[in-house]
Amino acid sequence: MSEALRVGVAGATGYAGRELVRLLARHPGAALRVATVSTPADESREVPSLRGVWKGGFRPLALDELSALSAVFLALPESVAAKVAPTLVDAGVRVFDLSGAFRLRDAEARKRWYPESPELSRDGVVYGLTEMHRDELPGAKLVTCPGCYPTAALLALGPLVAANLLAPGQGVIVDAKSGISGAGKAPSTRTHFSELHGNVAAYGIFGHRHVAEMEQDLGRSVTFVPHLVPLNRGILETIYAQLAGGVTDADVSGALQAAYADAPFVRLTGSTLPEIQDVAYTNFCDIGWKVDAATGRLVVVACLDNLLKGAAGQAVQNFNVAFGLDEREGLE
Ligand SMILES: NC(=O)c1ccc[n+]([C@@H]2O[C@H](COP(=O)([O-])OP(=O)(O)OC[C@H]3O[C@@H](n4cnc5c(N)ncnc54)[C@H](OP(=O)(O)O)[C@@H]3O)[C@@H](O)[C@H]2O)c1
């Protein structure tokens, strides 16, 4: 058996980073060597949920230490990932970035939504929606993992756009509900328990950076309305679109079945609409849909766990494909 790849997690004490540590600590193809935090060395720092999962201590983020590894996962704030990723790539480390810092291909869009991201050669930069970019991953130097909201929307709509099943020139509406871990571990007034418990609130209308990411891959306008709901984890998106003339339920079903025939983490539920409770704590994205034959209206419902398929799980899935391992390794 070949030797396990030496890997590190930067931002290991965050919500996404903890999931990475948990997945990589038991991954048969990976040897987790370094896990970093934002503070100076503090051997006493513990993450209770990781007790007995990984025995190494947390260390301050040191680029020379990370540069000696085969692969590094960045679960850092965008501004920090924007600084760290290019240095690691230059050192020959394969980087799996969970932040949005380098997701947008268009320089103007990147400047608008991620102003702290430096210009970077796009050579070897791969957008890590595994199911759509599987073939590019083995040559990737920097895998820029998709946002949690775009992952669900793009998996739901990507095959329909590619098969020209949606009405030309028309936008789509993505109405999303997200659990609060999507906002990271630092509490705010918006995410405080007493604000959220028993409440549902829309936010970010016409101002959420995930819109640019969805539009980049769909090539059509997206009206995106995210909501915070009182759950720890999980995203459910209800997506509204108009089908092209003559397109039927069978066409929609056929395109999705063909796209995901060999995709172990996409489950098509047909007219049985998916629910968050069935994907929470898994790397699955479940997709169901309904077509109104009389009007050609399509509603797709897609669900995933924002910290797994929407973050750490998808990053490990990309790592597996990039290094020629079984795509499911460490994820089932
Ligand atoms: N949460 C999600 O559902 C989700 C989904 C997809 C993508 N993402 C992306 O993944 C990244 C991490 O998100 P998260 O929700 O896990 O965030 P988080 O819970 O706030 O964790 C951030 C992590 O980064 C570390 N950190 C913060 N500032 C740092 C600095 N200046 N230098 C070094 N380390 C620093 C923190 O260390 P300390 O513990 O010492 O503060 C912590 O380990 C973000 O870019 C986010 O956009 C998140």
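For ligands, and for the atoms within them, numbers begin at 1 and follow the listed sequence.
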Considering K309, K185, R209, which one's heavy-atom position lies nearest to atom 20 (O) of ligand 1?
K185
For ligand 1, which is the ligand I care about here, please tell me if L76 has any N or O atom under 3.5 Å from one of the ligand's N or O atoms.
yes
Run the numbers for me: atoms of ligand 1, each under 4.0 Å from some heavy atom of A75, listed by number.
11 (C), 12 (C), 22 (C), 23 (C), 24 (O)
For atom 35 (C) of ligand 1, which protein heavy atom lies nearest, and how many Å away is it?
S38 CB, 3.3 Å
Assess whether atom CG of D262 is packed by more than 12 heavy atoms of other residues, nucleotides or ligands within 6.0 Å.
no
Among D97, L74, V80, T36, which one has a heavy atom closest to atom 32 (N) of ligand 1?
V80
As an exercise, identify every atom of ligand 1 less than 4.0 angstrom from a heavy atom of G310.
5 (C), 6 (C)
One thing to verify: whether D97 and R103 come together as a salt bridge, which I'm taking to mean a side-chain N less than 4.0 angstrom from a carboxylate O.
no
Spatial distance of atom CG (L23) from atom CZ (R18) [nearest 0.5 Å]:
14.0 Å
Search all heavy atoms of E329 against all heavy atoms of P28 and return the closest pair with its distance.
OE2-CG, 3.0 Å
Closer than 4.0 Å to some heavy atom of A311 - which atoms of ligand 1 meet that?
5 (C), 6 (C)
Using a 4.0 Å heavy-atom cut-off, say whether N306 meets ligand 1 through its side chain, its backbone, both or neither.
both
I need the atoms of ligand 1 closer than 4.0 Å to a non-hydrogen atom of L307, numbered in the order shown.
1 (N), 2 (C), 3 (O)
Can you tell which part of A12 has a heavy atom less than 4.0 Å from ligand 1: side chain, backbone, both or neither?
backbone
Please check atom 46 (C) of ligand 1 for a protein heavy-atom neighbour under 4.0 Å.
no
Counting both backbone and side chain atoms, is some N or O of A16 under 3.5 Å from an N or O of ligand 1?
yes
Cluster question for you: counting only ILVMFWY and a side-chain heavy-atom cut-off of under 4.5 Å, with indirect links fine, are V279 and L256 together?
no
Would you mind checking which non-hydrogen protein atom is closest to atom 8 (N) of ligand 1, with the distance to 0.1 Å?
L98 O, 3.9 Å
Check each atom of ligand 1 against the heavy atoms of P77 and keep those under 4.0 Å away; list them by number with element.
24 (O), 26 (N), 27 (C), 28 (N)
Can E119 and R110 be counted as an ion pair, charged N to O under 4.0 angstrom?
yes
Atom pair NZ/OG of K141 and S121 - distance to nearest 0.5 Å
6.5 Å
At less than 4.0 angstrom from any non-hydrogen atom of G184, what atoms of ligand 1 do you find?
15 (O), 19 (O)
Are more than 12 heavy atoms from other residues, nucleotides or ligands located less than 6.0 Å from atom NE2 of H227?
yes
Please indicate whether any nitrogen or oxygen in G14 is less than 3.5 Å from any nitrogen or oxygen in ligand 1.
yes
Number the atoms of ligand 1 from 1 as they appear, then name those within less than 4.0 Å of a heavy atom of V37, with their elements.
33 (C), 34 (N), 40 (O)
Can you name the nearest heavy-atom pair linking R190 to A201, along with the distance?
NH1-CB, 3.5 Å
Indicate whether any N or O donor in one side chain lies under 3.5 Å from an N or O acceptor in the other, for S188 and T191.
yes
Using a 4.0 Å heavy-atom threshold (strictly under), name the region of S181 that reaches ligand 1: side chain, backbone, both or neither.
backbone
Cation over ring face, R297 and Y240, 6.0 Å, 45°:
no
Which atoms of ligand 1 are found less than 4.0 Å from any heavy atom of L61?
33 (C)
Determine yes or no for a side-chain-to-main-chain donor-acceptor pair under 3.5 angstrom, with E131 supplying the side chain and Y260 the backbone.
no
Is D278 atom CG crowded by more than 12 heavy atoms from other residues, nucleotides or ligands, each under 6.0 Å away?
yes
Would you mind checking which non-hydrogen protein atom is closest to atom 25 (C) of ligand 1, with the distance to 0.1 Å?
G11 CA, 3.9 Å
So which bit of T13 gets within less than 4.0 Å of ligand 1, heavy atoms only: side chain, backbone, both or neither?
both
Does an N or O from A183, backbone or side chain, lie closer than 3.5 Å to an N or O of ligand 1?
no
